[in-house]
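The block underneath contains the structure these notes are about, expressed in structure tokens.
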Amino acid sequence: MAQTINTEVTRTDARRKVTGTATYAADVLPAGMLHGALACSSIALGTVTAIDTSKAEAEEGVVAVYTHETLPDYKTVKGFYAGGPGSASFWPMEGTEIRYAGQPLAYVVAENAAAARRAADLVEVQYDQGDAAIHMDSENSFVVGAGEDSEGMVLTKGDLQSGLDAAAQSVDMTFTTPFQHHNPMEMFSATAEWRGDRLTVWMPSQSVRTLRAGIAGAYGLPETSVRVISPFVGGAFGAKAGITPYAMLTIAAAKGVGAPVRLVVSRPQMYTVATFRPETQQKFRLGATADGKLTAFEHIEIGQTSQFDDVVNPGTHITRAMYACPNIHTEQRLSRSDTNTGGFMRAPNEMQTFFAMESAMDELAWKLGMDPVELRRANDTQTHPTDGVPFSSRHLMESYDAIAQSFGWADRATGIGEMRDGDWLVGYGCATATYPTNILASNARVRMHGNGSAYIELAAHDVGTGTYTIMAQIAAARLGLEVSAVDVVMGEADMPVAPLSGGSTTAASAGSAVHDACMKIAERVALRVTGMSDGPLAGVDPATVTLEDGTLVAAGGARQSLQEALAMLPEGEVEMIGEFRHKAMTPQQVATTFAGGYGTAGPVTPERAMFAFGAEMAEVRIHRYTHEIRVPRLHGAFAAGTWLNRKTAHSQLMGGMVWGIGSALHEVTETDRARGRFLNANIAEYLVPVNADIREIRVEMLEEQDDYVNPLGVKGIGELGIVGTAAAIGNAVYHATGKRLTSLPMRISDLVSS
């Protein structure tokens, strides 16, 4: 590889973003554009008995006020969690039923945004109110795919009770995690413009192909009649993965008024018009011999879901992949409550399940009198514990060893509460991190010019992770060009197919398609120049020519730069479509992706188990009188295959760790149980870490080669950094105080009362 890979490259779009010239979806202003606003339900459960829109319609500047009775041609999109593109199966404004607080009930269209918002506040609704329960009842849960072992939602290996009976020490613990909501800097928005039967939608999206397929299907249009544009996304991490009701309402309103309409969702409404992280309960039972070998491993996860969708992002599939154990039992369960449907949020279930599992492992280590790192070492494995296939690569303990040295783990006192600094109790904690390597099909168009430039086009997305940059790096490395000479265009549904930007899949899947296109360009050029009468490669067998760092090299040693060879062609350019199809993908998975769905293969294939791994260590300080919790140091070491861009990768891992501090100590959606509502639905009261909360964060990136996962050897990293953080902090709190906190976030009141 040329030195554009595994180096620090500044983002190619950095200047555009900091100068404000990068165009986000809501920046587009079609001619004659009107503005939308939502009026939402103030109750969580019941029926609308009457809606009075007269005051709203009388507001100056108002063009239309739509309700379930008047909204024209409202087409709903069903079944995101059944493999379809919609964010839920129940969609508002189809009737009078109220299923959750904040459910859209009316859509106002006005000449300006202020008038639309004022009018939305004037919509008067009368209800027949029911009794809502916003929190799940864990005693009333059910197995996903009830009556069947649905894709491993229930799994048993060996005899769990025998393993518990044989254990020298065991733990039986239950952990809870709360509702959490997305608060991206870029608000949720949708702009729709109809021109006859042709529709253009500008919307921040992690999957423009999904949007286009779902919208076209709902309206019975060919996909070529629907254009979806999302060149930049200002924060997503699951919030902008599917088609939401507010998008379809905006499309319907634009059709009704005969003009473009833009809706920017208010900050409070963002808590109910899109998805969120559901609350969970995690039950772990672990048993081990005196030397730390696990004899029993049980994980039962209960996740909250709405009354109308069985939403599950399995956590048990990941926890049972971590440690060697002869007796394993896992169950994935759900419990309903009266909310909108939850969904993806960075490391959707890995964050909460690893908080629980790694806290339980720490408890087991203390019971055994073992160093917590050595307990992980005693149960490390190069073979998937339940599927029996080898890991494509697994450098978990190498991660622990690297971070233990940088962190100073050997200086840790072995007793609880023994480390102090004045009035501060000091504790050290560690935890494992992992994230599955999911693979999806992707295409990419690459065109190379003899003047030393190249153009890349694909329907991928930049959600702030640096995708524009790494795609340019891959092409530059293969074609022998400067990164600045590669122009990357993304974010439109009519470009070559790329998967959703979620599940840490973009770099591996889309990047591999770019790689393939570049290799095809080299093959095409080699075929042409070897057939010429002159030139360094004239007369060479093209089958013997390989591409090395932008240079065509023949078996006999003759060589010519790809750029020079391309310049010899009369047309002076070559364009190829690259494809990535991992051998583990089925034709159905490929077809699903091309149809706008999520045709995911992995992380476990018939040959290998594919995961990225890491280890995190935290130092906490807890004031002996105030019980204030501080995290002065957080270190992480990670092994995730090839590092495409060490600068953006470092940023992603560090960002995940910062978010992990927030999940551990700050982040929770407070609820009004009596009224079934989310309370702190604003950026002022929804707490996230600020500069004063973040001290020393150190990220170490281990070198790892994995030739199985994809041609680039790339594993996803966008979600890896958050996974172990909360557990590492909780384990450090226990080391400092002897108090095991089993709920997130960890608060002063928990230390006072526990």
Side-chain angles (χ1 to χ4, degrees), residues 4 9-28 186 191 200-212 223-224 226-234 236 240 440-479 481-501 505-518 520-521 573-580 593-594 596 644-645 648:
T4 58
V9 177
T10 298
R11 294 168 186 257
T12 58
D13 55 334
R15 182 174 296 276
R16 295 174 64 187
K17 287 185 173 179
V18 300
T19 59
T21 58
T23 301
Y24 291 80
D27 294 333
V28 178
E186 180 194 31
T191 304
T200 302
V201 177
W202 295 268
M203 182 176 172
S205 173
Q206 294 172 248
S207 186
V208 291
R209 296 276 303 190
T210 300
L211 268 177
R212 186 179 73 170
E223 290 193 20
T224 53
V226 179
R227 189 180 182 197
V228 176
I229 304 172
S230 182
F232 289 97
V233 181
K240 299 166 182 174
L440 294 95
S442 185
N443 284 3
R445 177 180 291 110
V446 178
R447 182 167 63 247
M448 183 180 179
H449 302 272
N451 63 3
S453 65
Y455 172 85
I456 300 173
E457 183 181 81
L458 69 165
H461 322 79
D462 190 292
V463 296
T465 52
T467 304
Y468 281 102
T469 307
I470 61 175
M471 295 301 151
Q473 285 180 256
I474 294 166
R478 294 294 179 266
L479 304 178
L481 306 176
E482 297 294 329
V483 173
S484 59
V486 182
D487 186 22
V488 181
V489 180
M490 301 188 302
E492 291 204 32
D494 58 356
M495 294 176 178
V497 173
L500 88 158
S501 292
T505 60
T506 298
S509 300
S512 293
V514 171
H515 158 83
D516 183 66
C518 293
K520 288 177 177 177
I521 286 173
E573 66 178 42
V574 172
E575 178 179 295
M576 300 297 293
I577 297 292
E579 299 178 337
F580 173 57
T593 297
F594 272 69
L644 293 173
N645 186 331
T648 57

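Worth saying up front: this structure is predicted, and the values here are computed from it rather than measured.
Side chain of T4 to backbone of Q473: a donor-acceptor contact under 3.5 angstrom is found. Under a 3.5 Å cut-off, the side chain of R209 and the backbone N or O of F594 do form a donor-acceptor pair. Remark: the backbone N or O of R15 is paired with a side-chain donor or acceptor of T19 at under 3.5 angstrom. Within the 3.5 Å criterion, the main-chain N or O of A498 finds no donor-acceptor partner in the side chain of S509. Using modelled atom types, one side-chain atom of S230 and one backbone atom of M203 make a donor-acceptor pair closer than 3.5 Å.
In this structure, the side chains of M576 and I521 come closer than 4.5 Å at one or more pairs of heavy atoms. Counting heavy atoms from C-beta outward, R445 and M495 have side chains that stay 4.5 Å or more apart. Inter-residue side-chain proximity for K520 and E579 is flagged as met; some heavy-atom pair is nearer than 4.5 Å. Between T465 and T648 the shortest side-chain heavy-atom distance does not fall below 4.5 Å. In this structure, the side chains of D516 and F580 stay at 4.5 Å or more apart for every pair of heavy atoms. Between E186 and F232, the closest side-chain pair of non-hydrogen atoms is not below 4.5 Å. Using a 4.5 Å heavy-atom cutoff, the side chains of R212 and D494 are in contact. Counting only heavy atoms from C-beta outward, the side chains of T506 and M471 approach each other to under 4.5 Å.
Residues V463 and S501 share a closest heavy-atom pair of CG1-CB, 4.2 Å.
Looking at D462 and K17, a side-chain N of the basic residue comes within less than 4.0 Å of a carboxylate O on the acidic one, giving a salt bridge.
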